[in-house]
There are 2 protein chains.
Amino acid sequence: MPRRRAVDGSAPTMRDVASLAEVSPMTVSRVLQDHPNVSAENRRRVLAAVKQLGYRRNDLARVLSQGRRLGAVGLIVTNLANPFYARLALGIESVVTRDGIRVMVTNSDEDPDRERAAVGDFVSRQVDGIIIVPAGSNHEYLVDDVPERTPIAMVARPPTGVEADCVLVDDFGGAYEATRRLILHGRTRIGFVGNPPSVYTGSERFRGYCAALEAAGVPLRDSYVKRARDIASAERALAELLALPEPPDAVFCTNNRNTLGAYRAVHRVSAEVVLAGFDDFELSDMLSVPTLIVDYDADELGRRAAQLLLERLQPGDRRYTGPMRRAVVPTTVVEHGFG
Amino acid sequence: MPRRRAVDGSAPTMRDVASLAEVSPMTVSRVLQDHPNVSAENRRRVLAAVKQLGYRRNDLARVLSQGRRLGAVGLIVTNLANPFYARLALGIESVVTRDGIRVMVTNSDEDPDRERAAVGDFVSRQVDGIIIVPAGSNHEYLVDDVPERTPIAMVARPPTGVEADCVLVDDFGGAYEATRRLILHGRTRIGFVGNPPSVYTGSERFRGYCAALEAAGVPLRDSYVKRARDIASAERALAELLALPEPPDAVFCTNNRNTLGAYRAVHRVSAEVVLAGFDDFELSDMLSVPTLIVDYDADELGRRAAQLLLERLQPGDRRYTGPMRRAVVPTTVVEHGFG
DNA sequence: CTGTTAGCGCCTTCAG
DNA sequence: CTGAAGGCGCTAACAG
């Protein structure tokens, strides 16, 4: 099995290439950036030396000398294990990669302190920009911690206390439409399983739910409103709803974990309940109860955020320097098993 | 809404801090690395200047001057959208973050050329190490492209044509055990839906399937062996199996996408088939047919790979410089609905 | 077309 | 305890 090049520990530099090729380091530099002002002969010799030494240009030094940034965006998500955020990362990568920019990703776990630490680290590392799915409800620290030349884009949740570009999901509209459709299907006892109301998406989706009820003249019942933070607690929440004297005939869940938990409870007791939920998931079309899914394109969310960032990183007069923008990605509703 | 610090475009440097604090840049440097040899008074003044300017040390310059690496590992996965790889990334991050190392992630999409390009880019960027879920079946290019001082760890699939640490799943054992259990449940007409045999995991899992059949004296039927590359093709593959004159009474699928596709087909025609599959997925315990899942800890896979890498990055004599190692993460089998 | 000089921002080394 | 000198690897800017 072949082993890898030893190079006596430290990598060769342009000087090594230059002396082997018997030219100046500058000529090597020129060859490597495809500068036209190099004779064919010198170019050949440099390339030969490069190959012989297995030389690779040190991008770090390059970046420093050119006064550029790292060539990477920092991405902070609350939970990479959620496929939604994985797709978000993919969407971002698909856009920034075209500009030779990479993604440095980390997890905040919904902890504002971890988020802040990561932001600081990214700034020190000279990232070109930062994309955040923000935890917490106050992002004012960004004002001090992030210099203006490092653009920020928020995803899924809007910035608070700081100006930043942001890309949101149509949380209100999706929740409204889902609830409206449930009512159209003749359901009026509609339960709600949400995430903590301090999270923007949760409160917007709750607002959409309430507004649709109100528009249809269906009274909101406090006893139908539950919160959950994971699959297990959503399952418990639904069990409580089903145990009410007058249990719901439909339940709207604000995210896929809640919907999954709700389904577990419904399936276990074979309750006569239809499900509606934000975020699609695998097998959502094959459940044993009618299911209505509010879906949206997580890749698109990432792409849009990346674009907003890139526009602020363009050179010269192609750079966008205007006011912060807010994009909203639409949702679509899909019904399964409603016949 | 507060806006962010302007700083006239370019960030302040140590010199700026130094002149404001009326000390030399060296003193600033010392304060910032908590060097003891600084008077309390100078320390105070430096910190005040730092705060006043909103100064942050430039890690890029720091790394260059110290001759260190980027402080990041490059991670190349075949498909980040697969929750398995997202978990892998999480596992890696949880380990390397303790050493102040970040994860730079990219997607190869199973394309060896993209993988190679990413590797080259990571090397140029001076990453500390590279973790790869390798595409293709020949990784000899790494011998030339990656200097020895940049350790490589392969995950899920072993290296070919190059020496590298690697962490594998017990593909053979898991497949063997799943098939064995199906036979114990009285199934003998066991279909197989695999991924392309050129992929290591696919061929190992096929081998496990075959070995278990053989051990039980159950003949392998070629007509029961299908390949698929995504949910839709797995669904079609299963439809073909079910259409055979003597259809299988059980099917072993080599990954969660295949299992999901198989389930779709089985569910659609209400076939009397039990399912076995590698990789867990949401709702695997609530399907309408008995299901047997071969599961393993993707985080652990990531953690192990990260550890192998870190051991080769330790300073001085704590660094591991021995031969390449191979770790195998065990699988567990869970049965649902077998009564 | 080629090489020299100077410097990116920081740190190591060595002299005070 | 402090500072000056020099260099990390590379590249603009300027000479030839």
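Since we're looking at a predicted model, the values are computed, not measured.
The residue among P36(A) and P25(A) whose nearest nucleotide of DNA chain C lies closer to the 5′ end is P36(A).
Rotation axes derived from the C1' atoms of the five outermost pairs at either end of the helix from dC1(C)-dG16(D) to dG16(C)-dC1(D) lie 40° apart, to the nearest 10°.
The two residues A118(B) and R102(A) have their closest heavy-atom pair at CA-NH2, 3.8 Å. Closest approach of P323(B) and R312(B) over heavy atoms only: O-NH2, 3.2 Å. Contact between R69(B) and V63(B) at its shortest, heavy atoms only, is O-CG1, 3.2 Å. Across all non-hydrogen atoms, the minimal contact from Y200(B) to A156(B) is CD2-O, 3.8 Å.
In this structure, M14(B) atom CE and dT12(C) atom C1' are separated by 13 Å, rounded to whole Å. Protein atom CD of Q33(B) is 13 Å distant from nucleotide atom C1' of dT13(C), rounded to whole Å. As rounded to whole Å, 11 Å separates atom C1' of dC10(D) from atom CG of L32(A). Here the P atom of nucleotide dT11(D) and the CG atom of N37(A) are 16 Å apart, to the nearest Å.
Exactly one residue among V119(A), L309(A), L142(A), L308(A) makes a side-chain contact (heavy atoms from CB on, under 4.5 Å) with I152(A). That residue is L142(A).
Taking only side-chain nitrogens and oxygens, S29(B) comes nearer than 4.0 Å to OP1 or OP2 of dC11(C). Taking side-chain N and O atoms only, T27(B) has a distance below 4.0 Å to OP1 or OP2 of dG3(D). Listed pair T13(A) / dG9(D) fails the phosphate criterion, with no side-chain N or O lying under 4.0 Å from OP1 or OP2.
Salt-bridge formation is not detected for the pair E115(A)/R157(A): no Lys NZ or Arg NE/NH1/NH2 atom is positioned less than 4.0 Å from an Asp or Glu carboxylate oxygen. Looking at R326(B) and D165(B), no side-chain N of the basic residue comes within less than 4.0 Å of a carboxylate O on the acidic one, giving no salt bridge.
Few gaps surround CZ on R68(A); more than 12 heavy atoms of other groups in view lie less than 6.0 Å from it. Within 6.0 Å of CZ on R87(B) lie no more than 12 heavy atoms contributed by other residues, nucleotides or ligands.
A heavy atom lying under 4.0 Å from DNA chain C marks the following residues of residues 38-47 of chain A, by number: V38(A), S39(A), N42(A). At a non-hydrogen distance threshold of 4.0 Å, Y55(B), R57(B), N58(B), A61(B), R62(B), S65(B), Q66(B) from residues 55-72 of chain B come into contact with DNA chain C.
With sequence neighbours left out, the side chain to side chain donor-acceptor pair (under 3.5 Å) criterion links R30(A) to no other residue. With sequence neighbours excluded, the residues forming a side chain to side chain donor-acceptor pair (under 3.5 Å) with E311(A) are R325(A), listed by chain and number.
Counting any heavy atom pair closer than 4.0 Å across all strands shown, M26(A) reaches a base atom.
N79(A) places a side-chain heavy atom less than 4.5 Å from the side chain of N82(A).
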Run T160(B) and E140(B) through side chain to side chain donor-acceptor pair (under 3.5 Å) and show every step you take.
CA-CA 7 Å; T160(B) 311; E140(B) 204 171 336; over 6 Å; no
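In this structure, R56(A) contributes its side chain and G120(B) its backbone to a donor-acceptor pair below 3.5 Å.
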Between the protein and nucleotides 14-16 of chain C, list the N/O to N/O atom pairs that are separated by less than 3.5 angstrom.
none

